[in-house]
Amino acid sequence: MKKLLICLALCSVMAVKSQEKQSAPDHKFQIGLRYNPDQEADPLGRRTAGDIGLGVRYKMFGWGLTKFNAGVNVYRIASMNNAKPSLLLNPNVTAEFSLLSSKLRPYISGGYAYKKVEFQDIPNGNGTYSTANYTFNGGSINIGARYYFKHIFAEAGIESFMFKGYRPHLELEYGMVGVGFHF
């Protein structure tokens with residue numbers, strides 16, 4: 001009888017552990033599309049439409065309920081008025097927490113942000129037009145949450161960029177939604 005109880009307890013523990021791994025697989029790589037649906041003013045005060053981005057992350061290590069990722073987000077900033085489409089580059093480090101469940105994980109990340117904008121056909125006042133380039137760089141802080149399915153995740157968050165460049169200490173905040181794969 002004692003051996004039967006030990007065997008039953010061992011099988012129960014193994015079944016619970018295998019369900020945990022199936023409900024939230026711990027994959028090393030993540031790649032996903034991000035969309036900023038906000039209508040925000042760009043760094044020169046013009047209104048922009050939503051921007052599309054790509055995020056890639058690699059899980060470096062875990063510590064307790066926290067997983068640390070290194071990654072990069074690249075956004076294509078829509079063209080508007082005289083501005084050509086541009087890219088925003090955001091390498092970052094993320095701490096992801098398994099607090100409430102193994103599927104829903106809030107996160108916070110910090111990193112660097114770089115953006116270069118080119119404006120064409122800017123009137124000079126004398127009937128001629130010129131081109132102007134502006135470079136923005138600074139820090140970024142992003143907070144949000146990801147929900148993990150078997151091989152897919154969905155995320156939502158707020159991304160804050162503190163740029164220095166054309167205007168000192170410019171801050172932009174964007175809402176963001178995204179989907180992707182983890183493997």
Side-chain angles (χ1 to χ4, degrees), residues 11-43 47-80 85-116 136-163 171-183:
C11 288
S12 298
V13 169
M14 288 174 34
V16 168
K17 287 292 184 190
S18 70
Q19 285 180 350
E20 284 179 7
K21 287 189 184 259
Q22 287 175 358
S23 66
D26 197 20
H27 301 295
K28 291 275 190 186
F29 291 97
Q30 297 177 359
I31 185 166
L33 289 176
R34 300 169 144 223
Y35 179 68
N36 161 16
D38 290 348
Q39 292 278 335
E40 285 285 334
D42 75 354
R47 302 297 286 174
T48 64
D51 303 316
I52 291 247
L54 176 71
V56 179
R57 284 176 295 284
Y58 175 75
K59 185 183 106 176
M60 296 184 303
F61 63 93
W63 184 56
L65 298 175
T66 307
K67 292 178 177 47
F68 293 93
N69 303 309
V72 64
N73 299 322
V74 179
Y75 284 96
R76 181 188 183 277
I77 309 298
S79 63
M80 194 194 81
S86 62
L87 292 179
L88 185 147
L89 182 65
N90 176 224
N92 58 64
V93 176
T94 303
E96 193 174 68
F97 309 99
S98 298
L99 300 177
L100 305 173
S101 77
S102 59
K103 287 187 172 189
L104 178 64
R105 298 181 188 165
Y107 67 85
I108 185 167
S109 69
Y112 173 77
Y114 175 82
K115 179 180 176 182
K116 184 174 183 178
F136 303 91
N137 59 56
S140 69
I141 297 175
N142 310 322
I143 59 170
R146 292 186 187 100
Y147 190 85
Y148 289 91
F149 300 94
K150 189 170 183 178
H151 295 289
I152 298 171
F153 67 89
E155 66 179 317
I158 296 174
E159 301 187 318
S160 299
F161 302 102
M162 290 74 63
F163 289 114
E171 294 184 21
L172 297 176
E173 289 188 0
Y174 295 106
M176 176 276 301
V177 293
V179 294
F181 297 99
H182 55 112
F183 50 95

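Nothing fancy with the numbering, it's 1 onward along the sequence. Computed from a predicted structure; not experimentally measured.
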Once you round to the nearest 0.5 Å, how far does CZ of Arg105 lie from OH of Tyr107? 13.5 Å
Please report the shortest heavy-atom distance between Val56 and Asn73, naming the atom on each side. N-OD1, 4.5 Å
Specify the closest pair of heavy atoms between Tyr75 and Gly53, including all atoms of both residues, with the distance to one decimal. CD2-CA, 3.5 Å
Asn69 and Glu96: side-chain contact (heavy atoms from CB on, under 4.5 Å), yes or no, with the steps? CA-CA 8 Å; Asn69 303 309; Glu96 193 174 68; 4.2 Å; yes
Nearest 0.5 angstrom please: Ile108 CD1 to Asn142 CG, how far? 9.0 Å
More than 12 heavy atoms of other residues, nucleotides or ligands under 6.0 Å from CG of Leu54: is that the case? yes
Aromatic centroids of Phe183 and Phe181 separated by under 6.0 Å: no
Output for pair (Ser140 OG, Asn90 CG), nearest 0.5 Å, gives 3.5 Å
Nearest 0.5 Å, what's the NE2-CZ distance between His27 and Arg57? 13.5 Å
Check the pair Ile141 / Met162 against side-chain contact (heavy atoms from CB on, under 4.5 Å), numbers first and verdict last. CA-CA 8 Å; Ile141 297 175; Met162 290 74 63; 4.1 Å; yes
To the nearest 0.5 Å, tell me how far Arg146 CZ sits from Leu104 CG. 11.5 Å
The test is side-chain contact (heavy atoms from CB on, under 4.5 Å); show your working for Thr94 and Lys67 and say whether it passes. CA-CA 8 Å; Thr94 303; Lys67 292 178 177 47; over 6 Å; no
Would you please test Met60 and Val93 for side-chain contact (heavy atoms from CB on, under 4.5 Å) and show each step? CA-CA 10 Å; Met60 296 184 303; Val93 176; 4.3 Å; yes
Does atom OH of Tyr112 have more than 12 heavy-atom neighbours from other groups under 6.0 Å away? yes
Would you say the ring centers of Tyr148 and His182 fall short of 6.0 Å from each other? yes
Spacing of CZ belonging to Phe68 relative to CZ belonging to Phe61, to within rounding of 0.5 Å: 5.0 Å
